[in-house]
Amino acid sequence: MTQAKQYEVIIIGGSFSGLSAGVALGRALRHVLIVDGGNPCNRQTPFSHNFLTHEGKTPKELNLLGRKDLYKYKTIDFVEAEVIAAKETMSGFEIMLEDKSIYAAKKLIFATGIKDLMMPIPGFQECWGISVVHCPYCHGYELKNLKTGLLANGEEGFKFAALLSCWTKDLTLFTNGKSILTNDQRNMLETHNIYINELTINEIEHKDGKIQQLIFADGTNLPIEVMYTVIPFEQHCRLPMELGCDLTDRGYIKIDGAHRTTVPGVFACGDNSSRMRTVANAVAMGNTAGQMVNRELIKDIFW
């Protein structure tokens with residue numbers, strides 16, 4: 001039987017939140033293993049914004065800088081692999097990697113992010129993160145004053161359209177079928193010169209991920225330069241749920257103020273447990289989670 005290599009904490013997920021948790025624990029002299037499969041959800045995004053001191057860097061650049069920061073902490077190991085199984089033990093937890101190697105720890109931190117579920121519109125996936133984006137705070141300044149679309153409907157569409165009015169005065173709300181806006185919402189949008197288009201989108205015509213125009217089911221088309229939308233998602237990693245971690249109604253891992261999940265000894269941070277999908281928030285959550293795990297390790301000894 002393979003002997004598990006022992007750590008105090010295992011962090012599953014080595015992007016911004018996981019690395020930040022690693023820094024906090026490394027500075028506390030904890031023996032930590034970070035395991036990352038190398039498939040972040042922002043891999044298509046060309047630039048990262050709204051992260052103080054690192055404006056305009058690519059997500060890959062930021063990740064490499066984060067890893068470099070970790071190298072000086074000699075109690076931290078890093079493995080590039082997929083975790084295929086996790087289980088609770090008498091002394092904590094064990095994980096198994098794809099090569100069947102086994103690692104054990106007293107605490108687990110899941111910083112595994114989420115998986116965006118692409119809309120079944122030709123061209124959508126190729127444009128995602130480039131010219132089809134989810135967050136004006138992350139992308140809006142660079143895309144300001146462009147011919148902009150919003151793919152949404154109903155209450156969500158109304159509120160998102162109002163938000164986008166900060167960044168452009170050329171905005172069309174595409175409901176992709178019959179609008180479910182109320183009359184008051186429709187009138188308010190039209191008062192602010194936000195056009196409502198109810199045609200069904202057949203294709204997003206693009207060049208290297210940059211939108212050229214939308215092609216509709218009736219054969220007409222409309223040039224736009226950028227489109228915002230909110231798409232459904234699922235947890236990138238199923239292991240938290242297999243361990244018994246509860247999800248919120250929206251599908252995020254349920255955590256308390258100390259980033260504890262509903263399974264004792266298991267913590268979560270980053271996009272898998274927060275709607276605030278920004279690098280800055282992921283880093284902040286990871287740092288807090290690392291500190292909270294360290295405090296719990298201390299409590300296990302002293303209390």
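Just so you know, residue 1 is the first one in the sequence shown, and it goes up from there.
Side chain to side chain, Glu205 and Gln213 meet the donor-acceptor criterion of an N or O pair below 3.5 Å. In summary, the side chains of Thr220 and Asp218 do present a donor paired with an acceptor at a separation below 3.5 Å, with no hydrogens or angles considered.
Here Met227 contributes atom CE and Leu214 contributes atom CG; the two are 5.5 Å apart, rounded to the nearest 0.5 Å. Note that the CD1 atom of Ile10 and the NZ atom of Lys5 stand 11.0 Å from one another [nearest 0.5 Å]. The CD1 atom of Ile11 sits 7.0 Å away from the CD1 atom of Ile76 when rounded to the nearest 0.5 Å. Of the inter-residue distances, the one linking His236 atom NE2 with Ile12 atom CD1 reads 12.5 Å to the nearest 0.5 angstrom. The structure places CG of Asp249 at 11.0 Å from CG of Asp246, a figure rounded to the nearest 0.5 Å. Separation of atoms NE2 (His259) and OG (Ser274) is listed at 8.5 Å; rounding is to 0.5 Å.
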Using the rule given for side chain to side chain contact (heavy atoms under 4.5 Å, CB included), can you reason through Ile253 versus Leu247, listing the C-alpha separation, both sets of side-chain angles and the distance that settles it, and then say yes or no? CA-CA 4 Å; Ile253 298 174; Leu247 300 182; 4.0 Å; yes
I'd like to know whether Phe233 forms a side chain to side chain contact (heavy atoms under 4.5 Å, CB included) with Asp271, so could you lay out the CA-CA distance, the side-chain angles of the two residues, the decisive distance to 0.1 Å, and finally the verdict. CA-CA 11 Å; Phe233 69 89; Asp271 290 355; over 6 Å; no
Between Ser101 and Asp99, does a side-chain hydrogen bond (donor to acceptor under 3.5 Å, both in side chains) hold up when you go through it step by step? CA-CA 6 Å; Ser101 58; Asp99 65 358; 2.5 Å; yes
Might you work through the side chain to side chain contact (heavy atoms under 4.5 Å, CB included) test for Arg186 and Ser179, ending with a clear yes or no? CA-CA 9 Å; Arg186 179 183 287 272; Ser179 167; 3.4 Å; yes
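Taking 4.5 Å as the limit, some side-chain heavy atom of Ser273 sits within range of a side-chain heavy atom of Met285. You'll find the side chain of Val266 reaches within 4.5 Å of the side chain of Phe110, heavy atoms only. Under the 4.5 Å side-chain criterion, counting only non-hydrogen atoms from C-beta, Arg277 is not in contact with Asn281. Looking only at side-chain heavy atoms (C-beta outward), Cys269 and Thr288 stay at 4.5 Å or farther from each other. Thr172 is not listed as a side-chain neighbour of Lys147, based on a closest heavy-atom distance of 4.5 Å or more. The shortest side-chain heavy-atom distance between Ile95 and Leu97 falls under the 4.5 Å cut-off. In this structure the side chain of Glu234 reaches within 4.5 angstrom of the side chain of Leu117, judged on heavy atoms. Counting heavy atoms from C-beta outward, Ile298 and Trp303 have side chains that approach closer than 4.5 Å.
Minimum interatomic distance between His134 and Tyr228 (heavy atoms only, all atoms of both residues): C-CD2, 4.4 Å. Shortest non-hydrogen contact noted between Glu296 and Arg260 is OE1-CD, 3.5 Å. Here the closest heavy-atom approach between residue Ile231 and residue Met118 is recorded as CD1-CE, 3.7 Å. For Ser131 against Gly209, the heavy-atom pair with the smallest separation is OG-O, 2.6 Å. In plain terms, the two heavy atoms of Ala152 and Leu173 that are nearest each other are O-CD1, 3.6 Å. Closest approach of Ser15 and Asp36 over heavy atoms only: N-OD1, 4.1 Å.
Ring geometry for Tyr137 against Trp167 counts as perpendicular: the plane angle is over 60°, on a 0 to 90° scale with 30° as the lower cut. Using bins of under 30°, 30° to 60° and over 60° for the plane-to-plane angle, the ring pair Phe124/Trp128 lands in the parallel bin.
By the 6.0 Å contact criterion, NZ on Lys159 is open, its count of non-hydrogen atoms from other residues, nucleotides or ligands being 12 or less. Dense packing is recorded around CG of Asn145, with more than 12 heavy atoms of other residues, nucleotides or ligands lying under 6.0 Å away. Shown here is Met241, whose CE atom has more than 12 heavy atoms of other residues, nucleotides or ligands within 6.0 Å.
The same ILVMFWY cluster, assembled from side-chain heavy atoms under 4.5 Å apart, contains both Leu150 and Leu163. Linking Ile, Leu, Val, Met, Phe, Trp and Tyr whenever their side-chain heavy atoms come within less than 4.5 Å leaves Tyr7 and Val32 in two separate clusters. Under the 4.5 Å side-chain heavy-atom criterion for Ile, Leu, Val, Met, Phe, Trp and Tyr, Ile255 and Ile114 are members of distinct hydrophobic clusters. Linking Ile, Leu, Val, Met, Phe, Trp and Tyr residues whenever their side-chain heavy atoms come within less than 4.5 Å places Val23 and Val293 in a single cluster.
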Distance-only donor-acceptor hits, side chain of residues 65-73, under 3.5 Å, sequence neighbours excluded:
unit_1, atom_1, unit_2, atom_2, d
Arg67, NE, Asn63, OD1, 3.2
Arg67, NH1, Glu80, OE2, 2.8
Tyr73, OH, Arg27, NH1, 3.0

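The salt bridge (Lys or Arg N to Asp or Glu O under 4.0 Å) check on Lys60 picks up nothing, with sequence neighbours excluded.
Tested against Met119 for a side-chain contact (heavy atoms from CB on, under 4.5 Å), the candidates Leu151, Asn176, Val132 yield a single pass: Leu151.
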